[in-house]
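Report on the structure given below.
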Amino acid sequence: MQPLERSLTGAVGAALAAAGLRSRSGLEKVVLTGLGAGLIAVAARGQNPLATALKIEQNDEGETVVRDAVTIGKPAEQLYAVWRDLPGLPLLMTHLRSVEVLDDKRSRWTVEAPAPLGTVSWEAELTADEPGKRIAWRSLPGARIENSGEVLFRPAPGARGTEVVVRLTYRPPAAAPAPSSPGCSIRNPRSNCATT
């Protein structure tokens with residue numbers, strides 16, 4: 001957690017705990033005091049348990065980093081082909097509205113951003129393209145949401161298919177809340193990640 005986020009979380013926790021202690025209702029006292037104490041503990045540890053469970057963290061540069069990995073019983077080349085099909089990526093990432101290929105390196109991405117931003121677009125370029133092994137990209141200068149990412153395709157132990165490792169890094173625009181999850185459905189058994 002960033003220092004401002006820790007301070008605000010601690011202040012809200014203290015206010016809720018104080019309101020709970022002042023309450024005359026037994027149930028209200030327990031709920032407000034417990035919630036307040038929980039927020040104070042989160043602020044003291046400096047780590048949000050929900051963000052940890054979702055594999056979301058913030059680095060020292062203020063960027064949000066999302067990481068996940070899943071083993072899929074398919075060959076790396078087949079899974080690479082799914083991810084390399086940029087216009088098809090909205091099937092894998094729920095927040096992604098479209099990807100338009102501009103040339104062999106550049107593309108235009110459009111996402112559903114949190115309110116009040118609505119829809120946001122930017123141009124990105126491929127920074128690595130190793131068939132069957134790795135795809136990486138980054139936003140071009142001037143992007144409203146600076147971002148980069150990579151997808152690695154590794155043989156899974158025990159000949160169980162391919163381990164797909166996804167890492168996304170982005171810097172939300174000022175005053176915009178960070179999304180609560182990456183929106184990639186690689187863990188969803190009905191998604192194209194698992195069935196393609």
Side-chain angles (χ1 to χ4, degrees), residues 1-9 12 42 46-70 79-130 134-153 164-188 190-196:
M1 294 177 93
Q2 295 295 313
L4 178 61
E5 185 181 4
R6 286 181 80 170
S7 297
L8 289 174
T9 301
V12 169
V42 165
Q47 197 167 17
N48 184 332
L50 180 59
T52 302
L54 293 172
K55 300 178 184 174
I56 299 171
E57 60 187 53
Q58 202 160 33
N59 64 23
D60 294 336
E61 291 82 39
E63 297 171 322
T64 300
V65 180
V66 182
R67 297 177 188 170
D68 204 357
V70 64
L79 297 171
Y80 162 85
V82 170
W83 281 87
R84 185 61 178 90
D85 174 27
L86 297 182
L89 286 178
L91 297 172
L92 304 180
M93 299 181 192
T94 56
H95 69 284
L96 188 56
R97 181 177 274 186
S98 67
V99 180
E100 175 190 357
V101 175
L102 302 175
D103 61 34
D104 62 332
K105 290 271 192 191
R106 294 180 315 115
S107 53
R108 177 180 303 282
W109 296 57
T110 302
V111 299
E112 289 292 331
L117 295 177
T119 301
V120 178
S121 294
W122 67 87
E123 288 187 15
E125 68 179 348
L126 283 174
T127 58
D129 189 2
E130 302 169 38
R134 178 176 180 243
I135 300 171
W137 66 91
R138 71 172 171 226
S139 59
L140 292 173
R144 190 157 180 205
I145 300 177
E146 296 175 38
N147 66 88
S148 63
E150 72 176 341
V151 183
L152 304 172
F153 306 91
V164 180
V165 180
V166 180
R167 184 185 62 80
L168 304 171
T169 302
Y170 62 94
R171 183 184 307 272
S180 60
S181 73
C184 180
S185 57
I186 66 173
R187 292 192 174 273
N188 181 345
R190 289 176 288 184
S191 76
N192 279 356
C193 289
T195 61
T196 302

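All residue numbers refer to positions in the sequence shown, counting from 1.
Counting all heavy atoms, side chain and backbone alike, Pro90 lies closest to Ser98 at CG-CA, 3.8 Å.
Between the OG1 atom of Thr110 and the CG atom of Leu96 there is a distance of 8.0 Å, given to the nearest 0.5 Å. The distance from the CD atom of Glu130 to the OH atom of Tyr80 is 9.0 Å, given to the nearest 0.5 Å. Taken from CH2 in Trp109 to CG in Leu86, the straight-line distance is 6.0 Å, to the nearest 0.5 Å.
Under a cut-off of 6.0 angstrom, the local environment of CZ in Arg138 is sparse, with at most 12 non-hydrogen atoms contributed by other residues, nucleotides or ligands.
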Salt bridge (Lys or Arg N to Asp or Glu O under 4.0 Å) assessment of Arg167 paired with Glu150: CA-CA 5 Å; Arg167 184 185 62 80; Glu150 72 176 341; 3.5 Å; yes
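In this structure, Leu89 and Trp83 have side chains that are in contact, with non-hydrogen atoms separated by less than 4.5 Å. Leu168 places a side-chain heavy atom less than 4.5 Å from the side chain of Trp137. Within the 4.5 Å cutoff, the side chain of Arg84 has heavy atoms near those of the Leu126 side chain. Asn147 places a side-chain heavy atom less than 4.5 Å from the side chain of Trp122.
Looking at residues two or more places apart in sequence or on another chain, you find a side chain to side chain donor-acceptor pair (under 3.5 Å) between Arg106 and Asp103, Glu123.
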